[in-house]
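So you know, we letter chains A, B, ... as the sequences are listed, proteins then strands, and number each from 1. Side-chain atoms are counted along with the backbone in the values below, which use heavy atoms only and exclude waters and symmetry mates.
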Amino acid sequence: MTHAAAAVDQMRPPFPAERGLDVYNKKLGMWIFLASEVMFFAALIGTYIILRFGAPGEWARPGIVLNIKITAFNTFLLICSSVSMVKAYAAIQDGDPKKMRFWLLMTILGGATFVGIQVYEYIHLIEHGFVPAGVREGSELAALVANGTLPAATMGLYGSTFFTMTGFHGFHVTCGVISMTYLYLTKALPGKYSKNDYGGIETVGLYWHFVDLVWIILFTIVYLI
Amino acid sequence: MHWWLPPKASTFTGPIDGLFLAILIITGIAFVLVEVGLIWFVVKYRARPGRKAFYTHGNTRAEVIWTTIPAVTMVALGLISNHYWVQIKGRNSIPPNAYPIGVHAKQFEWQVTYPGADGKLGTADDFTVRNQLHVPVGRPILVQLSSEDVIHSFYVPQFRVRQDVVPGMDIKAWFQATVPGTYELGCSQLCGLGHYRMRAQVFVQTQEDYDAWMKQAAQEASQ
Amino acid sequence: MTSVAATAHGAHAHHDDRSFVRKYIFSTDHKIIGIQFLFVSLFFLLVGGLLAMQMRWQLGFPGKPMPGGGILPETMAPGGVILPEYYIQLVTMHGTFMIFFAIMPLLVGVFANFLIPLKIGTHDMAFPRINMWSFWTFFIGGLVMLSSLFVPDGAARAGWTMYAPLSARHDYSGASIGQELWSVSIIFVGLSSILGSLNYITTIINNRAPGMTWFRMPLSVWSLFITAILGLLALPVLSGAVIMLLFDQIIGTHFFDPGAGGQALLWQHLFWFFGHPEVYILILPAMGMVSDIISNGSRKPIFGYHSMVFAIVAIAFLGWIVWGHHMFVSGMNPTLGSSFMVSTLVIAVPSAVKTFNWMGTMWRGNLRFHVPMLHAVAFVAMFVIGGLSGIFMAATPVDMQIHDTYFIVAHLHYVLFGGSLFALFGAITYWYPKMFGRLMNEGWGKVHFWLTFIFYNCVFFPMHITGMAGEMRRLYDPNQYTFLQPLQPIRVFISISAFLLFATQLIFFVNFWWSLWKGKKAPQNPWEDNGLEWSLPSPAPHGNWERVPNVYRGPYEFSSPQVAEDYLPQYKKLPTDREPAAASAATH
Amino acid sequence: METAHKRPNYILIWVYLAVLTAAELALAFELPIPRNLKLLLLLFLAVWKAALVGLFFMHLKFEKWNLRILALVPLPLAVIFILAGMSEHIW
Ligand code: HEA
Ligand code: HEA
Ligand code: CUA
Ligand SMILES: [Cu+2]
């Protein structure tokens, strides 16, 4: 899986001492960056797990506050955009920039829709009274808390962790969409990618799949458990 | 002015001061070894014209020695420390007959709740006193710590006892005073601008004195 | 010896036609970025020092108007008398500036940037533009932190460790904007570190010169590499934690709010899970550079090179599983405390390896006491004191007595000042000629060294004693406690020594600036060292080498019997040397 | 440019992921089994899906061991942290 020669790297001496990891700089850099992202999400997700584990009471049952259906669709969408991303990568590996452009565009659309739906979901949740601080007084959800459907003791934690985790995930998706759009406009459209040079696609792809991977974990632990 | 740990006034002073001394000896040896060695080398091997240094890349035997000795020492120290740690802070370290006292910390004072005549907390005859901790001598004391706002820390240097008081947690600490007298209870966790003055008096009294004091204090509190 | 310098850019009047802004402000040249870090973080070091002086005034002479304190606003020090709320701001900002804006950028920002490409033989970092951003995010973070000193209700005031819930709720701490700016600033610092680390790691893995195998890398590069990994994995945890803290502060979440189910100890776990690796970020590069300097000053190969490398790796690894030693009395599960104690004690072993190997390096050497060497030897002597005092605290029962006392303050200054800062003074003097083309003044360097060494010990050694006696940290006025009143003479002594220590630093300050313009012109290899950077002219030109040199041997071939002089550079080809394998990147 | 390994069937992986997601939903809302078992199964499915993405879409399966190690290094650290944080509540 190497194409060090493909993405010729100016920084790399013509004959390296050892071949390093035998991976071109951009890709290696992305993997290293992803390692730090793992730690970032470990802090957020770890916090969620620890807080929920030690919560002063039951956690709200899944499906009451959050709209599972629409999020399930969103999950599916993200999976689709992951596969379209990898299709774009495969296409350019085969030297088919047209197909690559198509799949890249699909990926961008999928990601953008995901963000759109998440924004919609947030608006909806906030209208119903679910906010980072917990449950807004006098709202629809406050009534559910009052009648015992939702546990009063842990709603504050629920709101804090939910919005922080999904918010930062959404932020990552947004960054992905922006950078893919940038690559699409400045590199893909002008035809700068080819069979011999597709480092940008592979690198942004790695990021994109990682974001998908995080969502897979988040969806399960936030929405289903 | 003194140059050592504070005077000893609880049963913890034995193991803790002992460990402190033991570590001082171990680290003292290491300290002398390193510093004297450095000075010696600095003097002995300072550059002289025309001399060339001894060309070597190391010596495995020497390295093994100075890896194993610290390793063994540290593991031994760990085991010994843990032995005392379990006695002092371990899950089951609190003696069953310990006398309970509630200590509630808030910015910037200590509210001490005494169990009253029945010797139990949470009953009607409990009473609360600000910034005064009275304890009977020679009897294990269980302090039940709670905090109103931020993290404080319960610290009596002469007892070698310290325990953070964390809001949202019920923390129990225990100690047994051995010398009657007056001490100071300090807050040793930064808790805001009044941190430096969050202190209380500690009175270690004989059982009779304590009982007498309690009777009187309970009366005063109920008025 | 025909050195490779002949092929360096500077050698043939290389035309560097970048504009001033491109060259010195928004530069992507790793050396310029390193120098930018140097100036900015030395400035923050000065700020941290000034804050310390105010603290020491209050502790030595409580309630007396501070000389020159009249210029401070009423809310801090009316009539020059420091208020309690200002004192805790001083403590907090002193710790914050020193750790995040002085020592960390000095070690990593300056020397990782400056040394890595020069020492492994490459033209620049793998991602020069990201590298530039790493500096600018740091700079912005610094400005934000600095500005927080001037907001109306004052700077952050919960200690550099920002324990929640004190830090999370404004009604507890009494500061709002200051606390928030602290969080925002730290997020920038985190970003800066991550961007930097990712650059350093990629560069070291992929861009080494031909023949520069892993075990021919200088220990400075090894330690910067491992440090970068620590930074890469630790800083995001801090960022995550600080973001949650910021949310607690501004949008009302409840992560650390026990009233709504949040956990106060969770902050401590998050903070120290970052924090302990962080303290090794603050010492490993120092250890690496000291190794280089000691080997050079002793004119001897480093003793036990491989075990030095493994010790670095071991310290870094163990650094991840000891964080709970800051929380022994926090109410943490005591069984967890036991395991943290054992892992902490075990760190003494790789540290012992390092210490004794440094001594082994000096043994039977031919010691040259140039200024960097003086600092390096002092580093070993002082770091050991700090490290050994760490053993006291690692023993859980003993920590119960000395936690949060000046014993800890003594420990942390012995490792951070006696360790990191001494190493930095040495390293700055050592690589100054490669940065600026001039040497710092030797005589004043020695004066600065000796005075610093003496006053430093006068300041921080007595803190062990007051700590043992039970003097707590972060106390505005220890005299509130009757049992601490007899210690006041020691505090006065410490304060006076601290003022002298600060004054001594002015020698360094002047030496540094004076030498920039008036220092002796530096030869190419003033210390007669083996590293690749000395194959370049001083200062090193943009782009470093036209064609990177080949590497023929390890970095510490001093007094090798193969040559007449007592050093043998890595880039010098002896008749017996073979060219390094020209492994083409394209062959798989 | 070598493509020594056979390219995985990406569409198949996609189908897998979709089916596993559906399975998760069914498990979470339809299946009447004990909560803890449910939790375990759900986590298992999530890790399975994540592994699919990592191995095939991010082609970790086809990378050299040293890159794989790089990718996996942070995970044990994260696990250690979470376990320690949780242990606070089991004493
Ligand atoms: C550069 C930074 C640095 C370094 C390197 C260290 C190194 C060590 N630290 Fe330190 N530490 C800090 C910076 C650092 N620390 C800071 C800033 C704090 C305070 C934070 C705050 O609360 O504000 C702190 C606090 C701190 C605590 C918490 C104290 C408390 O709050 O109660 C503990 C407890 O275990 C500790 C232990 C250690 C140990 C065991 C080492 C070891 O790595 C040391 C190992 C070295 C040696 C042991 C010496 C060399 C070895 C030999 C000569 C061999 C022979 C030795 C023996 C056989 C013993 N440190
Ligand atoms: C590397 C870190 C570092 C350094 C160097 C220092 C340096 C000093 N520190 Fe500090 N200190 C900390 C890190 C550091 N400290 C930390 C982390 C804490 C804990 C904070 C907390 O509790 O939250 C602390 C706490 C602390 C306390 C405890 C306060 C309390 O608990 O109430 C005290 C008290 O005396 C103190 C004093 C000093 C003094 C007198 C110096 C002196 O050495 C200062 C001397 C002056 C300088 C070193 C500046 C010199 C300037 C230059 C050389 C610049 C040259 C410029 C150019 C060339 C452009 N420090
Ligand atoms: Cu309460 Cu400090
Ligand atoms: Cu630590």
Engaged part of B:L5 at the chain C interface, taking heavy atoms whose separation is under 4.5 Å
both

Scored by heavy-atom pairs under 4.5 Å with chain B, the best of C:L83, C:N357, C:V377 is C:N357

State, with a plain yes or no, whether a side-chain heavy atom of C:M359 is found less than 4.5 Å away from one of B:V34.
yes

Any heavy-atom pair between the side chains of B:V75 and C:L345 that's under 4.5 Å?
no

Proximity breakdown for B:F12 and chain C, heavy-atom pairs closer than 4.5 Å
side chain

Among C:P561, C:G554, C:P258, C:S559, residue most engaged with chain B (heavy-atom pairs, under 4.5 Å)
C:S559

So which residue, C:V91, C:L388, C:V349, ends up with the most heavy-atom pairs under 4.5 Å with chain B?
C:L388

Considering only heavy atoms, which portion of B:Y155 lies under 4.5 Å from any heavy atom of chain C: side chain, backbone, both, or neither?
side chain

Do side-chain atoms of B:R160 reach the backbone of C:V398 as a donor and acceptor pair under 3.5 angstrom?
no

Go through the atoms of B:I39 and report whether side chain, backbone, both or neither lie under 4.5 Å from a heavy atom of chain C.
neither

Residue part contacting chain B, namely of C:Y163, when any heavy atom lies under 4.5 Å:
side chain

Any side-chain to backbone donor/acceptor pair from C:R299 onto B:A53? Under 3.5 Å, distance only.
no

Once you round to the nearest 0.5 Å, how far does CD1 of C:I302 lie from NE2 of B:H57?
11.0 Å

Between C:S338 and B:N82: side-chain donor-acceptor atoms closer than 3.5 Å:
yes

So which part of C:L166 gets closer than 4.5 Å to some heavy atom of chain B, the side chain, the backbone, both or neither?
both

Toward chain C, the part of B:W4 with a non-hydrogen atom under 4.5 Å
both

Distance in Å, C:Y481 OH paired with B:R197 CZ, rounded so as to fall on 0.5 Å steps
11.0 Å

Heavy-atom cut-off 4.5 Å, strictly under: side chain, backbone, both or neither for C:T482 against chain B?
both

How long is the span from the CG atom in B:L190 to the OG1 atom in C:T161, to the nearest 0.5 Å?
7.5 Å

Gap between atom CZ of B:F41 and atom CG of C:L367 - 0.5 Å precision:
9.5 Å

I'd like to know which of C:R169, C:Q480, C:Q488 tops the heavy-atom pair count under 4.5 Å against chain B.
C:Q480

Relative to chain B, which of C:R364, C:H403, C:M468 shows the most heavy atom pairs under 4.5 Å?
C:R364

Test your reading of the model: is there a side-chain donor-acceptor pair from B:Q163 to the backbone of C:V329, 3.5 Å cut-off?
yes

What part of C:S330 gets closer than 4.5 Å to chain B, counting heavy atoms only: side chain, backbone, both or neither?
both

With distance as the sole criterion, is a donor-acceptor pair present between the side chains of C:H306 and B:E63 under 3.5 Å?
no

Decide yes or no for C:Y172 and B:Q107: does some side-chain heavy atom of the first lie under 4.5 Å from some side-chain heavy atom of the second?
yes

Between C:D566, C:V342, C:I391, C:I402, which shows the greatest number of heavy-atom pairs under 4.5 Å with chain B?
C:I391

Using side-chain heavy atoms (C-beta onward) and a distance below 4.5 Å, is C:V346 in contact with B:M74?
no

Do the side chain of C:R368 and the main chain of B:A47 share a donor and acceptor less than 3.5 angstrom apart?
no

Does any non-hydrogen side-chain atom of B:T27 lie less than 4.5 Å from one of C:F392?
yes

Contacting region of B:L77 [heavy-atom separation from chain C under 4.5 Å]:
both

Given that the side chain runs from C-beta out, which part of C:Q268 has a heavy atom under 4.5 Å from chain B: side chain, backbone, both or neither?
side chain

Below 4.5 Å from any heavy atom of chain B, which atoms of C:Y87 appear? Answer side chain, backbone, both or neither.
neither

So what's closer than 4.5 Å to chain B heavy atoms on C:R474: side chain, backbone, both or neither?
both

Okay, B:D17 and chain C: the region with an atom under 4.5 Å from a heavy atom over there is neither

Could you tell me whether B:K172 atom NZ has more than 12 heavy atoms of other residues or ligands within 6.0 Å of it?
no

Could you tell me if the side chain of C:M327 sits less than 4.5 Å from the side chain of B:D164, heavy atoms only?
no

Check whether any side-chain heavy atom of B:R91 lies under 4.5 Å from a side-chain heavy atom of C:T335, and answer yes or no.
yes

Side chain, backbone, both or neither: which part of B:L185 has an atom under 4.5 Å from a heavy atom of chain C?
backbone

What is the distance from atom CZ of B:R46 to atom CZ of C:F369, rounded to the nearest 0.5 Å?
8.5 Å

Side chain from CB out, backbone as N, CA, C, O: work out which of these in C:A164 comes under 4.5 Å of a heavy atom of chain B, or both, or neither.
backbone

If you apply the rule ring pair (Phe, Tyr, Trp, His ring centres under 6.0 Å), what do you find for C:F340 with B:W85, and how did you get there?
CA-CA 12 Å; C:F340 280 126; B:W85 175 244; over 10 Å; no

Using non-hydrogen atoms and a 4.5 Å limit, figure out which bit of B:V165 sits close to chain C: side chain, backbone, both or neither.
neither

Side chain, backbone, both or neither: which part of C:A260 has an atom under 4.5 Å from a heavy atom of chain B?
neither

With a 3.5 Å distance limit and no angle check, can you tell me whether C:D477 reaches the backbone of B:Y196 through a side-chain donor-acceptor pair?
no

When you compare the side chain of B:Y55 with that of C:E557, does any pair of heavy atoms fall below 4.5 Å?
yes

Taking atom CG of C:L265 and atom CE of B:M169, what is their separation to the nearest 0.5 Å?
4.5 Å

Parallel, tilted or perpendicular: ring planes of B:W66 versus C:F356, cut at 30 and 60 degrees:
tilted

Any donor-acceptor pair under 3.5 Å from C:D404 side chain to B:Q189 backbone
no

Which region of C:M400, side chain (C-beta onward) or backbone (N, CA, C, O), has a non-hydrogen atom less than 4.5 Å from a non-hydrogen atom of chain B, or is it both or neither?
both

